[in-house]
There are 2 protein chains.
Amino acid sequence: MDECKVYVIDDSTEVRQAIKLLMSSIGLEVIEFESADEFVNTDHDIGKLEGCILLDVRMPGMSGLALLEHLQQIKCSPPVIMISGHGDIPMAVKAVQAGAINFIEKPFNEQELLDNVHRAFKIDSIQRGKNMKIQLIKNRLNSLTSREKEVLYAVTEGQRNKAIAVILNISQSTVEAHRARVMEKMEASSLSQLMRMIIYIENSDIEPE
Amino acid sequence: MDECKVYVIDDSTEVRQAIKLLMSSIGLEVIEFESADEFVNTDHDIGKLEGCILLDVRMPGMSGLALLEHLQQIKCSPPVIMISGHGDIPMAVKAVQAGAINFIEKPFNEQELLDNVHRAFKIDSIQRGKNMKIQLIKNRLNSLTSREKEVLYAVTEGQRNKAIAVILNISQSTVEAHRARVMEKMEASSLSQLMRMIIYIENSDIEPE
DNA sequence: AGGAGTATAGGTATAAACCCCAATACAGAG
DNA sequence: CTCTGTATTGGGGTTTATACCTATACTCCT
């Protein structure tokens, strides 16, 4: 939680200043961006940011909603709290459907905003825990050779070594060798554990949230 | 899609009539309720309804939001489209966060409402497909004896038969017998398939959507 | 040319899982 | 009380999977 920062993306200098003041009152660091484009083009790995994003909807250049959708596509971004001065219901609905954790109207209640930031931090913490787990497994998967991946895939499909040998047109001994290396590289001590990893990755790939 | 109906829950007779007219113009059947309480108390299995729910927010008795949350808790309800004449952004956000697929303001655009209903039908169709799959697996799980469930649980944890025998303080032969019956009852021809079923159920239990 | 990494294959031995069978014990339902 | 379902145990044999070893061949990089 110490590393958490509040990324404020708003074209209004006053709003950014007000938020900065509010956040610093409880010891939170604020990083400002005056447009969505600036945030995107800044040299930082979005996946490694810790904290949350306060994002204005209406801005010159890329809109807040567009940035929100962009962040959801690349995944593993910090949680986003939308802020708007002239928002309407369809806009708020769209934002929440796109993954924003809340939609707050300006002028905002200070305590409400702080509460939302804290909630966002919690969500971020949980999300980063999951992302670390996913990354760990993906790193292991990447260490597999293409042949080993083929064997792994067949194994997760429930195929026996003998069947896999026929499918890949290699001998059963070779399949066994590959399979053993797969278990070793994936750090799985049982097929059940291996399946849990694979299915975890499968689900994280198709279900964004 | 043929069986799909539109469940309208709104205290205003005029609104219900207007929706009924609109829906019947494209051949959709409408079932009316003048309050959330009436919907809840009506003798129907909510999990078996097909179609979608048009739900007013402000009503005498149980509020639309309260009903929405109630529906999400028991799960497997048809998708809900919230409708409100005097809605605000916090209300809309809350509704979407609670699982409503949209939040439409009265007076509504007719085509927009129809589009939403069609989208809801698609979501419902997908959701019911998933629910059927879950129910199928749960039925198999329920056919297991308590001992078989213990063995199943240990197996999914990656335990070997020998280890399971020690844990349950029974002989390895017995474990093998239970395990064979588990595979048979679950209709799994491989451990991989069994794991997929179990993890599917695990995920559906903790992640509502 | 030599080394690392990968893919391939064979061998031997052990362990684990699967299959079919038979049998005892016990509790609850009819 | 008998019948049924469940839980338990065992044997014997087959099939799979693991573990550990060796070995060849090919490619890529140094």
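The sequence lines fix the lettering, A, B, ..., with proteins before strands; numbering per chain opens at 1.
Within 4.0 Å of Thr174(A), counting heavy atoms only, lies at least one base atom of the nucleic acid. The residue Glu176(A) sits close to a base: some heavy atom pair falls under 4.0 Å. Heavy atoms of Thr145(A) sit under 4.0 angstrom from primed sugar atoms or phosphate atoms, though from no base atom. Residue-level contact check: Ser171(B) touches the backbone only, with heavy atoms under 4.0 Å from sugar-phosphate atoms and none from bases.
Distances shown here put every side-chain N or O of Asn161(A) at or beyond 4.0 Å from the OP1 or OP2 atom of dT16(D). Not one side-chain nitrogen or oxygen of Lys162(A) sits closer than 4.0 Å to the OP1 or OP2 atom of dT15(D). Between Arg147(A) and dT6(C) there is no side-chain polar atom (N or O) within less than 4.0 angstrom of OP1 or OP2. Applying the 4.0 Å criterion to OP1 and OP2 of dA17(C), one finds that Arg179(B) has a side-chain N or O inside that range.
Of the two residues contacting DNA chain C, namely Met183(B) and Ala177(A), the nearest-nucleotide position lying further toward the 5' end is that of Ala177(A). Both Ala180(A) and Val175(B) sit near DNA chain D, but only Val175(B) has its closest nucleotide nearer the 5' end.
Picking from dA9(C), dA7(C), dA7(D) the nucleotide with the shortest atom distance to the side chain of His178(A) gives dA7(C). Distances were taken from every side-chain heavy atom of Ser146(B) (C-beta onward) to each of dT6(C), dA7(D), dA16(C); the shortest belongs to dA7(D). Comparing dT8(D), dT8(C), dA17(D) by their nearest atom to the side chain of Arg181(B) picks out dT8(D). Proximity note for Ser173(A) (side chain, C-beta onward) versus dG10(C), dT8(D), dT6(C): the nearest is dG10(C).
By the 30° and 60° cut-offs, the orientation of the rings of Tyr7(A) relative to Phe33(A) is parallel.
Environment of CD in Glu34(B): sparse, with no more than 12 heavy atoms of neighbouring residues, nucleotides or ligands closer than 6.0 Å.
Here the closest heavy-atom approach between residue Leu49(A) and residue Pro78(A) is recorded as CB-CG, 3.7 Å.
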(request) Report the C-alpha distance between Lys130(A) and Tyr200(A) in whole Å, list the side-chain angles of each, state the deciding distance to 0.1 Å, and finish with yes or no for side-chain contact (heavy atoms from CB on, under 4.5 Å). (result) CA-CA 10 Å; Lys130(A) 285 185 187 172; Tyr200(A) 195 82; 3.6 Å; yes
